[in-house]
Amino acid sequence: MDKKAMYKLSYGLFVLTTKLGDKQNGCITNTAIQVTTDPNRIVFAVNKANYTHDMLMESKVFNISILSEDATFDVFKRFGFQSGKDVDKFADYAGPDSAEAKYSVASNGVYYIKDGTNAYISGTVFHTVDLGSHTLFLCDVTDMEILSDASSATYEYYQKNIKPKPEAVGTTPTGKTVWRCKICGYEFEGEELPEDFICPWCKHPASDFEKVIK
């Protein structure tokens, strides 16, 4: 079975942001779709390993910023390759008062991303469905704005044009054993990879890692 067939599904990429108390946070997601127009509703799934998931379960308010083909890999690293449990993802990120602001504040008080995006949608959660590793959020749209005319980035576009190509694997005298995520390139050092290991960057399981020797 070739798991890369999933890359051919024509869905987009988004930064999901939410606020809980004074904490603003966000993560990358790729499953947001409109499901009805009257009322205007969208759904999206979020991995339970994401800190944004837990915040949204409680706050019920969010913005979805739609990533465009102008997005750089830095946006994905900031919002997809680190956890809001450990870092402030908006630290050292040009804010609304900057001449080159990379994010701003929507009417719902939640940040939305301007850096490499073409629109954002605000909403509230009215129902959730437990899907196992993910939760499906069913939401009412409360506001939305277009930010640029750039084309939306699909997952396939990201794989081909934004995501850095993996470095070639060589061999060193020490023969260090490395397990590399085939999805995002994260590397785990150790003779054995735990069966329940989850990639801290892209949240894919141990089955998506390959053993390499550097």
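These figures come from a predicted structure and were not determined experimentally. Note that the numbering runs from 1 along the sequence shown for the chain.
- The hydrophobic cluster around Met144 extends to Phe14, Leu16, Ile42, Phe44, Val46, Leu56, Met57, Phe62, Ile64, Ile66, Ile121, Val125, Phe137, Val141, counting ILVMFWY residues whose side-chain heavy atoms fall within less than 4.5 Å of a member.
- Residue Glu156 holds its CD atom at 10.5 Å from OH of Tyr11, rounded to the nearest 0.5 Å.
- Distance check: Leu13 CG to Ile28 CD1 gives 7.0 Å after rounding to the nearest 0.5 Å.
- Side-chain contact, Asn161 with Glu69: no donor N or O sits under 3.5 Å from an acceptor N or O.
- The two residues Ala45 and Thr31 make their nearest non-hydrogen contact at N-OG1, 2.8 Å.
- With sequence neighbours excluded, no residue forms a salt bridge (Lys or Arg N to Asp or Glu O under 4.0 Å) with Glu192.
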For residues 92-104, which side-chain N or O atoms pair as donor and acceptor with protein atoms under 3.5 Å away, sequence neighbours left out?
from  : atom 1 : to     : atom 2 : distance (Å)
Tyr93 : OH     : Asp115 : OD2    : 3.0
Ser98 : OG     : Glu100 : N      : 3.1

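- Applying the side chain to side chain donor-acceptor pair (under 3.5 Å) definition to pairs two or more places apart or across chains, those involving residues 13-24 are Thr18-Ser59.
- Between atom OG of residue Ser207 and atom CD of residue Glu195 there is a gap of 11.0 Å, rounded to the nearest 0.5 Å.
- Note on Ile33 and Leu67: separate hydrophobic clusters, where clusters join Ile, Leu, Val, Met, Phe, Trp and Tyr whose side-chain heavy atoms are under 4.5 Å apart, directly or indirectly.
- Considering only residues two or more places apart in sequence or on other chains, Val87 meets the side-chain contact (heavy atoms from CB on, under 4.5 Å) condition with Gln82, Lys89.
- Under the 3.5 Å distance criterion, the side-chain polar atoms of Thr37 are left unmatched by any main-chain donor or acceptor of Asn40.
- The heavy-atom pair separating Pro205 from Ile198 by the smallest distance is CA-CD1, 4.1 Å.
- Put simply, CG on Asp74 and CD1 on Ile162 are 11.5 Å apart, with the number rounded to the nearest 0.5 Å.
- A donor-acceptor contact shorter than 3.5 Å links the side chain of Asp88 to the backbone of Phe90.
- Residues satisfying the side-chain contact (heavy atoms from CB on, under 4.5 Å) criterion with Leu138, sequence neighbours excluded, are Val43, Phe126, His127, Val129, Leu136.
- Atom CG in Asn50 sits 10.5 Å away from atom OG1 in Thr135 (nearest 0.5 Å).
- Looking at Arg180 and Glu187, a side-chain N of the basic residue comes within less than 4.0 Å of a carboxylate O on the acidic one, giving a salt bridge.
- A pairwise comparison of heavy atoms in Trp179 and Gly190 identifies NE1-O, 2.9 Å as the closest pair.
- For Lys211, there are no salt bridge (Lys or Arg N to Asp or Glu O under 4.0 Å) partners, not counting sequence neighbours.
- Of the possible polar contacts, none joining the Thr36 side chain to the Asp38 backbone as a donor-acceptor pair under 3.5 Å is found.
- Residue pairs satisfying the salt bridge (Lys or Arg N to Asp or Glu O under 4.0 Å) criterion with at least one member in residues 127-155, sequence neighbours excluded, are listed as follows: Arg41-Asp140, Lys48-Asp130.
- Take Phe197 and apply the ring pair (Phe, Tyr, Trp, His ring centres under 6.0 Å) test, not counting sequence neighbours, and it matches Phe188, Phe209.
- Clustering of Ile, Leu, Val, Met, Phe, Trp and Tyr by side-chain heavy atoms under 4.5 Å joins Val61 with Val110.
- Taking 4.5 Å as the limit, some side-chain heavy atom of Asn118 sits within range of a side-chain heavy atom of Ser152.
- Residues Ala106 and Asn63 approach most closely at CB-ND2, 3.5 Å, considering heavy atoms.
- One distance of note links NE2 of His53 with CG of Asn25; it measures 13.0 Å at 0.5 Å rounding.
- Within the structure, the salt bridge (Lys or Arg N to Asp or Glu O under 4.0 Å) test picks out no pair touching residues 49-65 (sequence neighbours left out).
- Ring centroid separation for the pair Phe81 and Tyr186 does not come in under the 6.0 Å cut-off.
- Applying the under-4.5 Å side-chain rule to Ile, Leu, Val, Met, Phe, Trp and Tyr, the cluster around Leu147 extends to Tyr112, Tyr120.
- Under a 3.5 Å cut-off, the side chain of Thr117 and the backbone N or O of Ala119 do not form any donor-acceptor pair.
- A donor-acceptor contact shorter than 3.5 Å links the side chain of Ser65 to the backbone of Ile113.
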